[in-house]
Every structure is written in C-alpha cells, then in structure tokens.
Amino acid sequence: MPITLLAQLSLRNIVRHRRRNLMLLMAIAVAVLTVLMANTVIRGMQYDLREQTVSNLNGHIKVHAPGYLDDPSIARGFELAAGWEPKINVSEVEGWAARIRIPAVIMSERETRGIQFVGIDPAQESISFLSKAHYDGQPLNTSSDRRIIIGKEMADQLETQVGRRLVIITQGSDGLNREAGFRIAGVYDTEGTAIEKIFVFTGVTALQNMVDAIVVTEVSVRLVDDAFQLSMLDSLLRFFADLEVKTWQQLEPLAAAFFLFAESAIYLYFFIIMTALIFGLVNTLVTSVMERVHELGMLRAVGMRPGAVVMQVVIESTFIMMIGVALGLTLGWLIFQLLPPVLDLSSFSEGFEKFGMPAKIHLRLHVSDMVLITVMSMVFGVLASLYPAKRAVKISPLEALRL
Amino acid sequence: MNDVVVTVRGATRTYNEETIPVHALRGVDLEVHRGDFISLAGPSGSGKSTLLNLIGGLDQADEGDVIVDQVSLSELNENQLSDLRLEKIGFVFQAYNLLPVLTAEENVGFVMQLQGMSKTERSERARETLASVGLEDLADRRPGDMSGGQQQRVAIARAIATKPVLLLADEPSANLDSGTTEELLQLLKKLNEEFGMTIVTATHDPMVMAYTSRKINLRDGAIVVST
Amino acid sequence: MSDISLTDGTLTAVAIRPDIKRATPELWGVAWRNITRTKRRTWLTACGIAFAILMMTFVRSLQVGAFIGAVDNSARIMLGHIQLQHPVYEDDPAIENSIHGINDIIADVESRPGVEIVSARAQSFALTSSGERSFGAQIIGVQYEKEAVWSSLTRMQVDGRYIEGPGEAFIGSALARNLGITIGDELVILGTAVEGGVAALVADVVGTYTSGQPELDRAIVQVPLQDFQVAWTLAPDEAHTVIVIAESVADSEELAPQLGRAGLRSLNWRDLQPEMVQMMEMKLIGTYVLFILVAIIVIFSVVNSFMMIIFERTPEFGMLMAVGMRPHHIIIQLQIEALLVCILGIILGLGITAVGVGILSETGIALPAQAGELLKSMAMPERMYPVFSFGALFIAVPVMVLGTQLAALIPGLRLRHMHAVDALRSAE
C-alpha cells in the first residue's frame with residue numbers, strides 16, 4: 001500500500017482546511033490536557049495515600065508475632081537480640097523500626113480516652129510520619145525517654161497541653177493492669193486527624209519497663225522504592241519464619257483498594273472526555289470524506305484500491321489525533337511545570353482536615369501515563385475513523401464522472 | 001501480436017433506479033483496435049457513458065463480457081479491477097478531477113507512485129509528460145492556480161504518463177471554450193498519430209467527433225451507426 | 001446521495017424574504033429544513049450536546065442516588081435520620097445535658113406522618129473491664145426492642161444475639177477481642193454518673209457485631225436504657241437523644257425543622273453526617289468541573305461544525321444575498337439553526353436521562369461485589385437507586401445554549417463582509 005502517498009495526501013488535506021481543523025485540534029488538546037491534569041491529581045492522591053499508609057507506622061512490610069493482629073497485647077510480643085536488623089537487601093532498605101504497640105486508656109483531669117500506646121526508638125522513626133510531623137514542645141529524645149508525645153487532636157479532646165501529666169493504664173506482661181503518670185513532652189500535628197486521635201508515643205525502653213517485658217510487638221521496614229517490596233517480602237518470610245510478615249496492602253486493605261481503584265480512574269476520565277470529543281471528530285471526518293467524494297472517486301477510477309481509500313481516512317484521523325495529543329501533552333507538561341508541586345486544598349475546603357483527609361496533594365506526572373494517554377488516543381482516533389471510512393469505502397469510481 | 005485492445009460482447013447493463021429498471025445498455029458488441037481514435041456519441045441516456053465505464057472497468061456488465069488486453073473483466077473483483085485500471089487504462093474526466101492539494105507534477109506523478117515507481121523516475125517521467133502537453137513551466141502550480149484548459153492538459157498528462165494501453169475520455173471538452181477544445185483535440189490527435197495511443201471518448205460535441213477516426217452512435221442502449 | 005448537495009437553494013430563496021420580521025415563522029421553518037437536510041451532521045452535533053447534558057443530569061442522578069443511599073444506610077446503622085437533643089449536648093456531651101419527658105416526645109413524634117420509628121438513648125464514656133483488662137468505650141443505653149427493629153448494627157455479623165432483656169450487653173467485636181471476652185462473659189462498666197457519682201454496671205455479653213467501621217467495632221457497648229438510667233442515676237424518662245427514623249431521607253428533611261422547640265434541638269442528617277455533606281459538595285464541584293470541560297470540548301466541535309456548514313453553503317448564501325438578503329439575516333438564520341440543534345441535543349440528553357434514571361430508579365444498580373470492602377467502609381448499600389436530580393440543569397442548559405450560540409456566531413461573523421458575487425463564485 002502506498003503509505004507515503006496516503007500520508008502526504010492526508011497531511012495536505014489537514015493543512016488545506018486548517019481553520020476548521022484548528023478547532024478540532026484545540027478540542028483534542030483541551031481533552032488531552034484535561035485527562036492529563038485530572039491524572040496528575042489522581043496520581044498525586046494515589047501516591048500520597050500510599051506514602052501516608054506506609055508512614056503511618058506500617059512501613060512497606062511489618063512483622064508481628066502470630067495472633068497479635070487478633071489480640072494486640074504485650075503477651076503477643078517477641079524478643080529481639082541486639083543488632084537484630086536483618087542484613088538482607090541492604091541497599092534497598094531505608095530503615096528498620098522496632099516498636100511496642102498496645103491498647104491503653106489515657107486520662108486527663110477531665111477526660112478518658114482509649115488509645116494505642118506505642119513505644120519507639122526515636123532514632124529509628126525517620127521511616128515514619130513522626131519525622132515529618134510538626135511539634136508543639138519537643139519530640140522524644142531516646143528510647144528510654146519516659147515522657148510521652150500525643151496528637152494535637154487528642155490534646156484538644158483531653159483539654160491538656162505540653163508539660164502536663166497524664167495517667168495511662170495498660171496491661172502488663174503478667175496480665176495485670178499498670179497505671180503510670182507521664183509528662184507530655186510534645187504535641188504532634190500531622191496531615192489528617194485520624195492518627196492524632198489514636199497514637200500516643202513514649203520511649204520503647206520506658207514502655208518495656210512499665211509492662212515488665214523486654215519485647216517488642218512489631219518490626220517495620222521501609223524500602224527505598226516500592227518496587228522492592230515483593231523481593232523483600234520473600235526474604236523476610238524466610239528470615240522471620242516464626243513470625244507473621246505482612247505488607248501494608250494486607251494490613252490496610254482499604255487503602256490498598258483505593259490505591260488500585262485510582263489505577264482505573266485514568267481510564268474512566270479518558271473515556272468520558274474522549275466520548276465528548278468523538279462526535280466532533282467523526283463529524284469532521286465524515287465531512288472531509290463527503291467533500292472529497294469526487295477526489296476519492298477519481299483515485300478509485302485511476303486504480304487506487306478501496307482499502308487504500310479507507311486507509312487514507314484512518315491516516316487522516318490518526319494524524320489529527322497525533323497533532324492534537326502532542327499539543328495537549330506539551331501544554332499539560334508546561335502547566336505542570338508552572339503549578340506548585342503541592343496542591344493545597346485546605347483554603348478551598350476547610351472540611352478536609354476535620355474528616356481526616358489530607359488537604360495537600362503532591363501532584364505527579366508520570367511519563368508512562370503520558371504514553372498511555374497517547375496510545376489510547378491513537379486507538380480512539382482509529383475508532384473514530386471507522387464510520388467515516390465505512391462511507392469512504394462505498395465511494396464508487398463512477399463518482400469521478402459525476403458533476 | 002493481437003491488435004484488438006478491447007472486445008465487448010453482448011454487454012447489457014441495467015440500473016435499478018427507484019424500482020424502475022433503466023436499461024442503459026441492451027446487448028452491445030464492439031471491438032477496439034490498437035491505434036483507434038473512437039468517439040462514442042449519442043444523446044443523454046443513450047448509453048455512451050455506460051459503455052465507456054464498462055470498457056474502463058469502472059462498472060461491470062450484467063450480461064455479456066468486456067475483455068481488455070485479453071483480460072475478461074467480468075471475472076475480476078474490486079481490487080483486481082483497481083489494479084487493471086491502474087496498469088492499463090488512462091482516464092480523462094469531464095471535471096478534470098485533479099487533487100487540489102497536489103502540484104501539477106505531483107498530480108501527474110501520484111498514479112505512478114501508486115504503481116510503486118521510484119521517486120526520481122516518476123518525477124522525471126512526470127516532467128517529461130507535462131512537457132509533451134506543453135506545461136513544463138507550470139509543474140509546480142496547484143490546480144486552483146490554473147485555467148480550465150491547463151487543468152485538462154494536466155489531467156491528460158496524468159492519464160498518459162503511465163503509458164496505458166487505452167486512454168478513455170469522458171466529455172473532455174464539456175468545460176472548455178472552442179479555442180481550448182481545438183488545442184485539446186490536436187493534443188489527443190498527436191498522441192494518437194505519433195505515439196499510437198488508443199483513445200475512446202464519449203462526447204456529444206461535434207468538434208470532437210470531427211477529429212476521431214471511428215464514430216460510433218448509440219441510441220437507447222444500442223449501437224445504431226458504426227464506422 | 002451527496003450530503004453536500006446545494007440543490008435546495010432555490011427553495012430557501014423563495015421561503016426567505018429580506019423582511020425578516022414578517023418572515024420569522026418561515027425563518028424557523030427554513031432553519032429546521034436546513035438542519036434536517038444534513039441529518040448526519042445534525043445528529044452528531046446534537047449527540048455531543050446531549051452527552052454534555054447527560055454528563056450533568058445522569059451522572060448527577062447517579063451521584064445523588066448513591067449519596068442518598070449511603071446517607072440512609074448510615075442513618076439506619078446507628079445515627080438515625082434525625083436526633084433530638086439538649087441544645088448544647090452536641091458541643092458538650094456531658095451526662096447532665098439530657099432531655100426529660102422522652103416518652104411524651106416519642107409519642108408525639110411517632111404520631112407524625114413520614115415517621116417510621118422513634119427511640120431514645122442515653123450515653124456516656126466509661127471504662128469497661130473484663131478480668132484484668134480495661135478499655136475505654138462509649139456506653140449507650142438503648143430501647144433494645146426498638147433498636148432491634150431499625151438499627152442494622154444489631155444484625156451485622158453478629159456472634160450470639162442482640163439484647164433481649166435487662167442485664168445484657170451487646171459490644172463491638174474489636175472491643176471484645178481487646179478485652180479478651182467472649183459471649184457469656186461478664187463485663188464490668190465503670191463511669192461517672194450525674195454530679196460526679198460513680199456509675200457501675202455489670203452486664204452479660206450476649207452478642208458481638210462487626211460493622212467494618214473500626215470506630216464502631218472498637219469502642220461501643222450497648223446496654224438496656226433502664227440499666228443505664230439506674231447506673232448513671234438518670235430519671236426514668238430522661239435520656240440524651242431521641243432518634244427518629246423517617247420513611248425516607250426526603251421525609252426527614254421535611255420533618256426535622258418541625259421537631260425542634262425550646263430546650264430541644266433537632267439535628268437533621270446534614271448535622272449528623274457532615275462528612276457526607278462535605279463529600280457531596282466536593283463531588284458536585286468535581287462534576288461541574290468535568291461538565292465545563294466536556295462543554296468546552298463539545299462547543300469547539302460545534303464551532304467546527306458551523307465552519308463546515310458555512311463553507312458548504314457559501315454559494316447558497318451568495319444566491320440569497322443576490323436576491324436581496326442581508327448578511328445579518330443569514331447570521332440570524334444560522335443562530336436559529338444552532339438553537340434548534342442545541343434544543344435537539346438537550347431533549348436527547350434529558351430523554352436518555354429520564355428513561356435511564358426512570359428504569360434504574362426502579363430496578364436499582366447492583367454494585368460490584370469486589371468493591372465490597374470499599375463500599376462497606378463508605379456505608380454504601382448493596383444496590384444503588386439513582387434519584388432524579390435536574391437541579392444541575394439550571395446551569396447546564398444555559399451553558400450549552402449560550403455556548404452553541406457563540407459557537408455559531410464566531411464563524412458566522414465572517415459573513416458580515418461577504419459579497420454575493422464572491423460567494424456565488426466560490427461554487428467553482
């Protein structure tokens with residue numbers, strides 16, 4: 001098939017009707033731009049959600065004693081020797097953290113709340129949200145720090161503040177309740193309030209002393225890249241053969257479901273926006289065919305096969321799409337460069353924070369998504385040309401003789 | 001070597017327009033020999049255009065057969081018919097039917113491109129052919145920038161550049177004034193006499209008929225006079 | 001048959017006289033004939049407009065349906081459609097901020113139309129313990145015979161059974177796990193009663209539930225209202241909230257303002273489920289943004305379409321001008337055509353929405369089972385029933401009408417300086 005001739009004819013016909021094709025190109029560019037922008041926001045929310053889930057003490061992978069998830073008590077703790085960090089896939093690991101996490105009750109002079117009481121080694125918590133939170137007062141110093149830090153939301157609920165003492169009741173390793181007073185070292189403020197309402201932190205050694213057990217209840221690892229998760233999971237399943245090894249997806253199925261759902265959102269937006277576009281595209285292509293009945297008839301008369309005539313319509317459609325997509329993607333990329341890297345919706349809707357949703361979205365533009373949009377647009381361009389092509393194939397060479 | 005280029009045997013063609021059958025051709029026999037310059041004449045509806053279309057492989061007979069250069073057209077499918085037109089037949093249309101987006105040279109060259117000829121060869125051949133119809137200076141113009149006579153010459157150049165065995169012209173003078181028609185006919189005559197090109201035209205212009213060597217008259221789908 | 005035939009030119013010329021005002025009815029008729037002459041293009045353009053309208057009405061109907069479904073579902077878990085409380089109870093849920101005379105209130109509200117069932121609750125935060133383990137939890141005193149009727153929490157993956165008599169407790173499964181208790185075990189509840197007294201209650205755990213919502217599963221204990229009233233030293237007709245279940249969310253909207261009075265605050269579902277309201281507003285904004293973008297794309301293609309119309313009909317316009325029409329008459333003619341195409345699109349879009357929503361609001365849409373966890377967390381019901389929501393039309397229709405008018409005008413303005421002879425000549 002004389003592809004070069006067909007391409008040449010298509011291109012020149014597009015240029016010939018540049019005014020109306022410009023309109024079409026703008027429509028395609030706006031459509032592509034829209035899909036791309038929607039995608040940067042969705043991708044941003046998707047990756048923020050994962051980052052948040054991983055940071056919320058899950059890590060990429062977490063290790064518990066069997067049964068801990070059903071009965072999160074100190075009795076389900078396990079011992080760790082000094083220098084316990086597995087020396088596996090070292091280059092892929094950002095950090096390890098061992099913690100105690102047990103339910104407890106916290107009491108101020110006025111209020112009582114149920115909490116998750118977490119003993120940490122502050123030096124290890126570079127892998128969790130604690131390293132990025134804002135503090136009123138100060139964070140914990142060492143693993144033997146006997147003070148606590150609490151969330152801003154909880155401080156409000158308990159009507160307390162930095163420097164005050166709170167009483168915490170939790171169950172010791174012998175099954176008996178322990179009650180102890182703790183001074184508030186700092187109040188942490190993080191994106192969303194769900195965490196702030198639940199977690200209270202102290203030094204892990206301090207907590208071990210309180211519950212009389214030199215154990216931890218969880219070990220969490222954060223990886224340099226999400227891509228290493230599977231191989232690390234494999235290694236850890238063997239390394240901690242006696243323990244339960246779970247990914248963040250297993251621990252937070254809801255977040256994992258949202259993460260996967262966002263993956264299909266790009267297709268949804270693409271479909272809606274492109275459907276709006278296809279009527280205009282088909283309209284132009286059909287007109288383009290009908291205007292050129294004489295021309296196409298002549299081409300048939302001098303010996304062009306019907307398939308080649310159809311091909312001409314398909315090529316024209318694909319060309320228009322290609323130019324429009326290139327325009328839209330370039331525009332989208334430029335706008336993305338001009339946009340702030342973090343979209344802050346908190347002024348737009350003050351409700352976000354209140355309902356524990358992060359109000360900041362770290363916009364993300366993936367090259368692979370741009371490729372995906374391009375490929376899908378091309379497929380769409382070919383689909384849009386099917387109906388006009390059906391008209392074109394019916395053109396008889398006798399059309400050349402008509403006036 | 002067989003000097004019969006086209007044989008038409010008992011060709012009939014009926015169009016079903018809005019349930020009323022129109023008998024465009026009612027059993028026509030015709031032989032076209034190499035070097036013929038034929039005019040098909042007759043009033044509108046006489047079947048001259050239909051006959052031309054059958055000979056050119058643009059349309060197929062309901063009954064009977066049309067054989068072009070020893071190939072029976074009734075056995076060919078759409079693609080084979082396309083290929084036959086491409087290789088063996090040159091067309092000149094009443095409305096010229098040039099591609100507005102191509103220059104004169106490209107309009108002449110693209111049929112050769114369809115045939116798969118290399119770029120340099122077809123460019124050379126296109127310029128040669130344009131020169132032979134007296135348009136060497138207008139090779140880079142587009143049809144919109146040419147007169148009707150010039151456009152019709154480009155159309156003829158396009159038709160003959162591929163060296164077809166048969167040149168078909170449908171009312172070639174219809175859109176031209178008498179002076180231009182005269183020039184066109186002299187060009188066709190030259191092609192016929194000097195290069196031995198076989199030409200069949202459908203026309204009701206007496207000027208055209210005067211130039212042709214065989215005159216065939218049709219009426220109501222049948223040949224009434226043949227010289 | 002060629003789509004770009006110009007053969008109707010003569011007809012148009014006869015029908016339109018230069019005197020536009022007197023010829024207005026003919027003008028509409030001719031416009032109609034023109035848009036039906038190029039059927040394919042008219043349909044394609046109208047379909048684009050219809051799609052934009054559909055985006056707004058159908059999608060909105062689905063969204064509103066989903067939200068109403070979620071609101072209703074979540075109201076029927078625990079919250080109710082309307083809650084009547086002491087005026088400051090929401091801000092300060094102290095044991096003292098209670099309401100009295102609940103039996104009269106219940107009798108009054110239950111007699112009103114649109115009300116399905118009414119029940120009262122008293123609640124307070126307390127420490128719950130079993131053996132050596134203790135956890136804080138919200139203790140809710142309920143009228144269990146009534147809650148058993150309407151509260152779906154009482155039927156959610158229940159182990160054991162719901163409360164059937166005094167001295168029994170129904171608790172969240174996560175709390176049970178944390179406390180290490182199973183059905184038949186004793187639960188000790190210690191809280192602060194009115195005026196700082198100690199409220200103590202011992203109850204047999206008869207059942208646990210799993211709602212999938214951590215905050216419900218982890219920290220709620222239900223006990224009979226009478227038991228609560230005794231332990232917390234409340235009067236027999238004293239409670240903290242009166243929960244109203246209406247026949248529908250729509251009924252509750254009408255009811256809520258009628259039920260408040262001095263000393264009794266009425267909270268409707270918007271007050272009780274503010275996150276739903278917030279989410280609905282966010283969705284609405286999102287839908288409008290999507291609609292505007294779809295509208296822009298469609299309007300671009302309408303401009304495109306009118307460029308093609310003008311290009312094809314230039315010879316015809318030349319002829320009309322030759323017989324005495326003015327350029328602005330032709331522009332008006334085109335604007336009318338644009339309006340007709342737009343109306344066609346709007347009718348088409350609304351028609352599809354009406355039929356689609358009409359059918360689906362009867363049959364409902366089964367939500368995919370894979371999305372189960374996700375939907376449960378958002379309190380979505382298993383089937384969704386779209387609800388006609390044409391409010392968005394007040395924006396969608398004007399946007400499309402103005403957009404198409406503008407789209408026809410942009411290429412049409414070029415006709416202002418057109419001369420009959422040039423236009424006729426462009427026929428080639």
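Chain letters run A, B, ... following the sequence lines, proteins first, then strands; residues in each count from 1. Below, all heavy atoms of this structure are taken into account, side chains as well, without hydrogens, waters or symmetry copies. This structure is a prediction, so every number in the text was calculated from the model and none was measured.
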*For chain C, which of Leu277(A), Ile115(A), Leu176(A) has the most heavy-atom pairs under 4.5 Å?*
Leu176(A)
*Within a reach of under 6.0 Å around CE of Met45(A), are more than 12 heavy atoms found that belong to other residues, nucleotides or ligands?*
no
*Decide if atom OH of Tyr269(A) counts as having more than 12 heavy atoms of other residues, nucleotides or ligands within a radius under 6.0 Å.*
no
*Within a strict 4.5 Å, meaning less than it, do heavy atoms of the Ser305(C) and Arg41(C) side chains meet?*
yes
*Given the options Ala137(C), Gly48(C), Ser301(C), Ala46(C), which has more heavy-atom pairs under 4.5 Å with chain A than any of the others?*
Gly48(C)
*Say whether, by atom type as modelled, one donor and one acceptor occur between the side chain of Asp217(C) and the main chain of Ser211(C) under 3.5 angstrom.*
yes
*asked:* Taking every non-hydrogen pair under 4.5 Å, which of Ala276(A), Pro103(A), Gly280(A) racks up the most with chain C?
replied: Ala276(A)
*Looking at Val30(A), Asn177(A), Asn21(A), which has the largest count of heavy-atom pairs under 4.5 Å with chain C?*
Asn177(A)
*Interface moiety of Ile297(C) toward chain A, non-hydrogen atoms closer than 4.5 Å*: both
*Given a strict heavy-atom distance threshold of 4.5 Å, which part of Ala38(A) is in contact with chain C: side chain, backbone, both, or neither?*
neither
_chain A contact via Thr192(C) - which portion, at a heavy-atom distance below 4.5 Å_ = neither
_Tell me whether Arg313(C) is salt-bridged to Glu337(C), with the criterion being a basic N under 4.0 Å from an acidic carboxylate O._
yes
_Structural part of Val282(A) lying under 4.5 Å from a heavy atom of chain C_ = both
*Considering only heavy atoms and a distance below 4.5 Å, find which of Leu281(A), Leu24(A), Asp174(A) pairs most often with chain C.*
Leu24(A)
*Heavy-atom distances under 4.5 Å only: say whether Leu54(C) touches chain A with side chain, backbone, both or neither.*
neither
*asked:* Please rank Thr170(A), Ile169(A), Ile28(A), Thr275(A) by heavy-atom pairs under 4.5 Å with chain C and give me the top one.
replied: Thr275(A)
*For the candidates Thr34(A), Ile106(A), Leu33(A), Leu22(A), which exhibits the highest count of non-hydrogen atom pairs separated by less than 4.5 Å from chain C?*
Thr34(A)
*For Thr42(C) and Ile35(C), indicate whether the former's side chain and the latter's backbone hold a donor-acceptor pair under 3.5 Å.*
yes
_Reference residue Glu252(A); test side-chain hydrogen bond (donor to acceptor under 3.5 Å, both in side chains); the match among Thr53(A), Asn56(A), Asn58(A)_ = Asn58(A)
*Are any non-hydrogen side-chain atoms of Met274(A) and Val32(A) less than 4.5 angstrom apart?*
yes
